[in-house]
Participant: 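Next up is a structure, given as structure tokens.
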Amino acid sequence: MLIDFGEYVMGMLVGAVLLDLKTWRLPNSYIILCSITGSYALWEEMGVWGCTTFLLRYIWPMILLYGVYLIGGLGAGDVKLLGVISTLVEGRTMIRLIIVSIVIGAIYGLLRLIKGRQLIQSCRNLWNQGCSCLIHKQKFAFIQWRKTGERIHFTVCILMAYIWCICKEGVI
């Protein structure tokens with residue numbers, strides 16, 4: 001049984017958002033700091049089994065999101081941050097958090113494309129890259145498109161999804 005680590009998770013997310021907004025990335029040193037905090041919290045709760053629990057809970061979101069990272073949907077820091085967060089929340093909440101954050105990010109990206117009047121051109125580019133992948137049997141035709149694509153601060157989407165999950169569970 002997990003005790004409530006909501007304060008830890010909220011602090012990690014707020015720090016990640018501030019770093020992401022300032023530097024457009026999450027440094028590995030911040031992820032390591034969050035990992036130390038999470039492993040210490042689990043150690044205090046479960047003893048030596050907390051370290052094993054930490055590793056198991058850390059790995060599954062990274063495996064789940066690795067494909068999304070490869071196509072450029074998420075940055076490496078975002079995936080590692082979600083891994084650290086998964087160590088401190090229940091599995092069901094983590095699945096909900098991942099899904100809601102991806103939906104929020106997709107809506108935000110779509111609204112940016114609509115606002116910038118780039119939606120039709122982006123759809124054409126995606127279609128052309130998909131056809132190129134099929135015709136030329138390229139495995140990674142989307143790499144060129146990813147390099148020209150727009151970036152968003154996905155940590156903001158994760159924070160919004162976490163707040164939504166907290167409100168949904170009736171904690172606040």
Participant: For Y30, enumerate each residue passing the ring pair (Phe, Tyr, Trp, His ring centres under 6.0 Å) test, keeping only those at least two apart in sequence or located in another chain.
Facilitator: none
Participant: Hydrophobic clusters join Ile, Leu, Val, Met, Phe, Trp and Tyr when side-chain heavy atoms are under 4.5 Å apart, directly or via other members; which others share one with I36?
Facilitator: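 Listed partners: I32.
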Participant: Evaluate the side-chain proximity of E45 to T53: yes if any heavy-atom separation is below 4.5 Å, no if none is.
Facilitator: no
Participant: If the plane angle is over 60° it's perpendicular, under 30° parallel, otherwise tilted; pick one for Y58 and F54.
Facilitator: parallel
Participant: Show every side-chain hydrogen bond (donor to acceptor under 3.5 Å, both in side chains) that has at least one partner inside residues 72-84, sequence neighbours left out.
Facilitator: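 Sorted pair list: N28-K80.
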Participant: Looking at A16 and T155, what are the two nearest heavy atoms and their distance?
Facilitator: O-OG1, 3.9 Å
Participant: Taking atom CH2 as the centre, does W60 end up with more than 12 heavy-atom neighbours from other residues, nucleotides or ligands that are less than 6.0 angstrom away?
Facilitator: yes
Participant: Name each donor-acceptor pair under 3.5 Å that joins a side chain in residues 94-109 to protein atoms two or more places apart or in another chain, with its distance.
Facilitator:
| residue | atom | partner | partner atom | Å |
| --- | --- | --- | --- | --- |
| S101 | OG | L97 | O | 2.9 |
| S101 | OG | I98 | O | 2.9 |

Participant: Grab the two heavy atoms, one from I31 and one from G77, that are nearest each other, plus how far apart they are.
Facilitator: CD1-O, 3.9 Å
Participant: Apply the side chain to side chain contact (heavy atoms under 4.5 Å, CB included) test between I158 and each candidate in L82, I163, D20; give the one that qualifies.
Facilitator: L82
Participant: What pairs with L33 under side-chain contact (heavy atoms from CB on, under 4.5 Å), at least two apart in sequence or on another chain?
Facilitator: none
Participant: Spell out, as yes or no, whether a donor-acceptor pair under 3.5 Å connects the side chain of S39 to the backbone of C51.
Facilitator: no
Participant: According to a 4.5 Å side-chain heavy-atom criterion applied to Ile, Leu, Val, Met, Phe, Trp and Tyr, with indirect links allowed, do L18 and Y162 form part of one hydrophobic cluster?
Facilitator: yes
Participant: With W164, which residues qualify under ring pair (Phe, Tyr, Trp, His ring centres under 6.0 Å), at least two apart?
Facilitator: none
Participant: With L21, which of L19, T23, V17 fulfils side chain to side chain contact (heavy atoms under 4.5 Å, CB included)?
Facilitator: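 Option passing the side chain to side chain contact (heavy atoms under 4.5 Å, CB included) with L21: V17.
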Participant: Does L42 form a side-chain contact (heavy atoms from CB on, under 4.5 Å) with F5? I'd like the steps, not just the answer.
Facilitator: CA-CA 10 Å; L42 288 174; F5 292 118; 4.1 Å; yes
Participant: Evaluate whether atom CE of M62 has more than 12 neighbouring non-hydrogen atoms of other residues, nucleotides or ligands under 6.0 angstrom away.
Facilitator: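 It does: M62 CE has more than 12 such atoms within range.
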